[in-house]
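By convention in this document, chain letters (A, B, ...) are assigned in the order of the sequence lines, proteins followed by strands, and residues within each chain are numbered from 1. All of these numbers come straight from a predicted model, not from anything done at the bench.
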Amino acid sequence: MAGSGTAHMRNTVDSVLTVRDLTVEFRVAKDKIVKAVSGLSFDVVRGETLAIVGESGCGKTTLARAVLQLPPPNAGEVVLNGTDLTLLPKENLRSARTSMQMIFQDPISSLDPRMTVHQLIDEPLEIWDRGNRAERDERINKLLQSVGLEPELVLNRRSYEFSGGQCQRISIARALALDPRMLICDEPVSALDVSIQAQILNLLLHMKETFGLTMVFISHDLAVVKAISTRVMVMYLGKICEVAPPDVLYAKPAHHYTRALLNSVPIPDPTKQIRTELLQGEPPSPMNPPSGCRFRTRCVGASALCAEQEPQLREVSPGQFVACHHPIV
Amino acid sequence: MLKFKELSKPTQLCVLWIGLMLFLAVFGSFLPFEHWTFVYEDDLGVTPFSPGHILGTDNNGYDLLTSAIAGTRMSIFIAITAVGLGGLIGSALGITAAFVRGKVDLVLSTAFNVGLAIPNLVLALALVSVLASNVDMTVVVPIWRRVMVLIISLTIVLIPILGRIARGATLTWSGREFVTAARSMGMRDSQIIKKHIVPNVLPALIAVAFLAIGVVIIAEASLSLLGVGIPDGGSWGGMIARGRNDLEYSPHVLYIPVIFLAITVVSTNQIGEVLRNKLDGREAKV
Amino acid sequence: MQKLSFWLQRVSQLLVVLLLVTFGVSLLIRIIPVDLATIVMPVADETQRAAFRASIGLDKGPIGYYLQWLGNFVHGDLGNIYYSGGTETVSGHLIKAMPRSLLLMSYTQIFALGVAIPLGVLSAYRAGRRADRVISNTLFIFSSIPGFAIGLILIIIVGTKFEWLPTLGYATFSEGIWEHFKHMIMPVLSLSLGLIAQYTRLLRADMIASLREDYVTMAMSKGLSDRRILWRHVFRPSSVTLFTSAALSMGGLIGGAIVIESIFATYGVGFEIFAAIGGRQYIMLQSCVAVIALFYVFFNLVVDIGSGFVDPRTRDRRANA
Amino acid sequence: MKSIFTGGRRKVVAVMAIALVASLTQVSSSGAAGADTPKRGGNITVGIFDSFPGYCMADNLANSSLMGARTIYETWVEQRADGKIVPYLLKSFEHSADNKTWLLTVRDGIKFHDGTPVDATALLLNIQALRGALYVNGLIGKTPKSTGKLGTAVGFTANIQDVVAIGAMSVQVSLFQPESDYPESLYASGRFFARAPSQILGADCSTKPVGTGAFKLVSTELTKLVVAANPDYWRKDAKGGKLPYLDGITFTFLPDAQPRVSGVKSGSLAATMFTSATEAKQIKDLQKNKNITTIISPTDYYPTIWMNHKIAPFSSKNARLALSHALDREKWLKVRQKGLGMVPDSIVGPNNIMYNKKNYAGFDLAAAKADVAAYKTETGKDLEFSLPYVSASADATANAILIQQMCAAAGIKVNLLSQTTAEAIAKAFPMQYQMLPLLLMEGTGTGFILPFLVSDMSAGNPNHFITQIAAKVPALKGLPVYFGILNISSFKDTVSENLLFAARGESNMAKKKKLYQQATAQIQAEAHVTNISMLAYSLSYKNLGGVGELPLAAGGPRRLVTNFGIDWTGVWSTK
């Protein structure tokens, strides 16, 4: 049922980021192509937080990196503030990237172990020559304070002296150093302890308000994105399954995959009956995805049609778009 | 990063020995000794601790202390130059291959594999013998040119070894997210290599380079022993080659250069090892 | 299916390496600024030299020369050795020399592994204790003494002082098994001491890592004997790395063997290469290097196949590397 | 300076005396071993320091590999211990009154290894092959081309005008110039052996040696010669028993001294040869070893420094004298040869008929400096030359460095020119170096010395067949160069040349000696060639009996150890 389509696109002037027909493929060997992202489109409106959710390996991270042109996608366009990044020459791309920063999954690996916190946060400022030494130092202090770190205590220490949560705070401070309009968070909390997760999520929400950010938030965990997102997009094997506001999606999922994902979230209430429809088996290989709907091999509602024809996104309720031949009503 | 006092006793000794070797290599020629080929005609093949010859003489009448110092200069010079050049070129190629990927990587990796498919010593022998052949066989090839040929050959041998290590290390490091982060910040590739890749790859390469110095010293000695080194240039290998024919009755002529060589190789290996462990230790913390 | 294509790919990769190595060496020989015929046959007249040039394709360009050499090589014609009295074929020399070198290297490997395995297991079992320290430090020093120095010292002590072993030459099996081994002991010792250190260290590190694995703790908690755990659960998985490294060290061994064979006058492939260089028989040199590269590539393949069968993870790791 | 000089010399003499006594005692000790009865059987390995490039006329086997070849081959004549040349495969040689015609008669009943008889035809073919007659004929299409190319033997035999068979067993040699000691030329210091006609005319002349010797070829390659006993060998031991005693010998090429020393000590080698040119230390060490017998040859080998007269700087007499005066021969003998050998005071040794100290430019630093200054005045240049040396040998390198230092002291700059042995030999004939130290002259006679000191061994005779054919056939135009190819200094001194040829023809020994000595004085006055030392060869062995005991076929003892080692026919293994 996972399929293509552009019905969910809003095409407003407020779109900060518009992605159309994005395709990313890797050649791993001769005649072996991993189709990580296939003809995917979405847009992000100013001030919005788009959550992209899916199982590990569904192409979320690839998608995020392709948006940043790291590496550039094989096809499709990525329009950021009215500029198609895929058409930009290298040098212009370099400066265009600054308005869109990324937070990574592994907080430790995203910081160079050889550099002090001061050097780490100073680095983007230095690249773009933002202000003189004193101005930059002031900005670094402010950024650190805003992410909840005490500048005097941390400035001259190196990343391996910090915990994961602290590293993620440093990453956030660094990402914000260039005043980006947009922040792409690639599973920023999945490597952290649950207690720290909430702190970082709150920090991100706080930062979003303070800095007026537009965010793309990637996660494999529907529970995490519930509080933070304004729109949720569910992905399966490089395709979109469903796009909807979180309250609609959580209450009334229209796609069998979304429902299965929701079912896998543990329910803290022991009185509630355990829902039966859980995902079975492993996702198929992205090298050789199923025909028609890519989810059909694991779908309880699959029919012959699903194998023949790829479902297109269509609106099933206001703001809720689903790519399925047999949506749950 | 590494403090001398924190090192273990044996490692300290190794560092001191290497320091001594470097001192002899640099200032050896200013010491008040005759040239190493000076013939002490009344002291042929005297044993160590003889008056006037603390390490004895060989059967050519050469003083072994002076020879060893001259040998230090030549061997250390050859080793450091070859490892330096090989490391520089090898790591440049290795880093480029791993960073650029794609066709460049394919070409360079294949080139490394080709270089590695020939055993070191065979490659060095072939290179030295081909490169050192004089165009006009009645024209003398000066010592400095033969030293150059030897260094170039050993460098060529080292390039694929060090290149492959640099490539591997770069692959690991350039996969780290801070490299992606730097890119997303708008950093130029050249800057990323300079600021993030090289500083992270370098320590591992330096550790390997220390090990490579030992390899080069032994390779040079082997070449000298086979008679394609610098026989009249005075290196440890040359001393061993000279001492080899006398080993039945003047074994000290063989032992002395072997001791110098072995202690130096032990020292560079030990220092390389310590450096590597130090780096591994830090890596483990990350 | 996938496996087959993996092997095909691997073999074709190695073939490319082989072709490039041989082409590189043939180029090397073409860049000698002097007339090759004059160098290879200093004692000959112009007609002989001209015939020589034509016969090996020196009158053609570098690629034509290489193709002709390759054609001959594939057909087993590795060229000739020229001297004042006539010619000898390189293949004739190699056929005689090859078994000696292969035997020398096999004995060296067997001996090195035979010593390194117990030492490695012992020092891993006793990691950090006295036995481990003594083994590690002794081997560390041994690994820093070049093989030829060990060989020369052995000659003084074992050969001429006590007259226990012959100091040079090679004895075929037909001259007696014991005679054969007597000639091999000292060269094998000189070549293997460095390897023993290398293997022991490798095995020790690998086994110490394995000893920390959960399944070992599990086995211990089941109450299995130390000996059984050590050999069955720890040594077995570690041995793959060891044997891989052993096969890959063959190339280095050939290099070391050149010096050792010239000291002990074993007249193996190493000595042939040395003689080729000493006599400036560059055609012979080219063919010898090609043969060695062939062996190197062969051992690489053996490693791939071997480790692929023993442990599929290794194969994947190697394929990714 | 002077006192050191004489003191050193006294020391040298003392050392020489010791060496001589030592070698004599060893001869007698091996004589004592002769009391044992010979033991039959056994295979031994012998270490040598030269390789086996081939066995045809043009393949110049070097000294120690000649020892191997001479187990297969025998010479027509032999040299007795006292230096006299006596018949060996020949029954007799007779000469005409003018010493220009020699009748050589072959011994009866000897067969080559291939079963063909040794007769007049075989002798004739051997001499013709040496002269190059077969080669020349081959070129014009009469005999197979496989007879090989021309060798330096052409120079040795250039005085032969004609050679014809007289009956089944005799050959008559006619000479252009008289030679009162022609058999010495036929001996050529042990190099002109009897090759079977099948070998000479066969396609494998270089690789399939067929002779009359006590051993037959099993296999040969560059580095190794394997021979096995010849069951039909013609000579018998004192009791009429079959010879040889040994089943077989393997001669192994071991260029470095160390494997040979440890080989003979450990028993891997039954015997091995050394040269005092580079291996005096090893010889002296082995002399001290009680289990090993070491025999040293007389110091009858005169390694010469050949200075190329065709090119600068040694086209100048000043340069030649400077080099000759600069060489501190006392120091050389002491340092490089450990006293084993002799300080030369003539271009040949005292046992040689040509020995004459007159005009010899010995070590004299002041004179050397004066010569260098004179050279500078003459040419306006500083004296400088390249010294070729075999860099693969550490000892040869040390030799070269010492010469360099000695020259530096006199103000002569020496550049060391690294070469392989094969290159050095290839470039020496004809000479392409500025100078080259090379052992060529040897012995007590002049048979192996004269060709190196005259410009044309045929004395420019227009009747020589090569000269005649070369005038007609364009392809052979360069051939007469072979008459003087052995004179690698490339000098032509008519005064000394005439004296040498006159001496060669003279029958009166006193007159002959005087003429030779005059020639030597002339060559030394012009410093055409010089030298730095005289040297010896040695053989060390263990568990062998009968070394040097078998007398010559014509009676009398053979010379014990020479540059080609010993005769292996009567040797047995005591192991």
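For chain C, no part of A124(B) is nearby; none of its heavy atoms comes within less than 4.5 Å. The contact between I118(B) and chain C is made entirely by side chain atoms (from C-beta outward), counting heavy-atom distances below 4.5 Å. Residue L125(B) touches chain C through both its backbone and its side chain, counting heavy-atom pairs closer than 4.5 Å. R30(C) does not touch chain B: none of its heavy atoms, backbone or side chain, sits under 4.5 Å away. Only the side chain of V258(B) has a heavy atom closer than 4.5 Å to any heavy atom of chain C. Residue L171(B) does not touch chain C at all, counting heavy-atom pairs closer than 4.5 Å. The contact between L285(C) and chain B is made entirely by side chain atoms (from C-beta outward), counting heavy-atom distances below 4.5 Å. For chain C, the nearby part of L225(B) is the side chain; its heavy atoms alone come within less than 4.5 Å. Residue contact with chain B, scored on non-hydrogen atoms closer than 4.5 Å, involves the backbone and the side chain of L28(C) alike. Of the atoms belonging to L254(B), it is side-chain heavy atoms, and not backbone ones, that fall under 4.5 Å from chain C. Residue contact with chain C, scored on non-hydrogen atoms closer than 4.5 Å, involves the side chain of E273(B) exclusively.
The candidate from L253(C), I263(C), L294(C) with the greatest count of non-hydrogen atom pairs under 4.5 Å with chain B is I263(C). In terms of heavy-atom pairs under 4.5 angstrom with chain C, the leader among I259(B), L226(B), T268(B) is L226(B). Here N269(B) is the residue among N120(B), L261(B), N269(B), L123(B) with the most heavy-atom pairs under 4.5 Å with chain C. Among the candidates L20(C), L152(C), I145(C), the residue making the largest number of heavy-atom pairs closer than 4.5 Å to chain B is L152(C). With chain C as the partner, the residue from T110(B), T264(B), L116(B) showing the most heavy-atom pairs under 4.5 Å is L116(B).
Between I159(B) and I89(B), the shortest heavy-atom contact is CD1-CG2, 3.6 Å. Between S26(C) and Q286(C), the shortest heavy-atom contact is CB-NE2, 3.0 Å. Nearest heavy atom pair, residue M186(C) against residue P166(C), reads CE-O, 3.4 Å.
Between Y66(C) and F23(C), the two ring planes are perpendicular [angle over 60°; tilted spans 30° to 60°]. Ring orientation note: the planes of W69(C) and F73(C) are close to parallel, at an angle under 30° on the 30°/60° scale. The aromatic rings of W164(C) and F162(C) lie parallel to each other, with less than 30° between the two planes, well short of the 60° mark.
Screening V291(C), I81(C), I283(C) for a side chain to side chain contact (heavy atoms under 4.5 Å, CB included) involving V90(C) leaves a single residue, I81(C).
Within the 3.5 Å criterion, the main-chain N or O of L202(C) finds no donor-acceptor partner in the side chain of D206(C). With hydrogens and angles disregarded, a donor-acceptor distance shorter than 3.5 Å links the side chain of E261(C) to the backbone of F271(C). Remark: the backbone N or O of A246(C) is paired with a side-chain donor or acceptor of S249(C) at under 3.5 angstrom.
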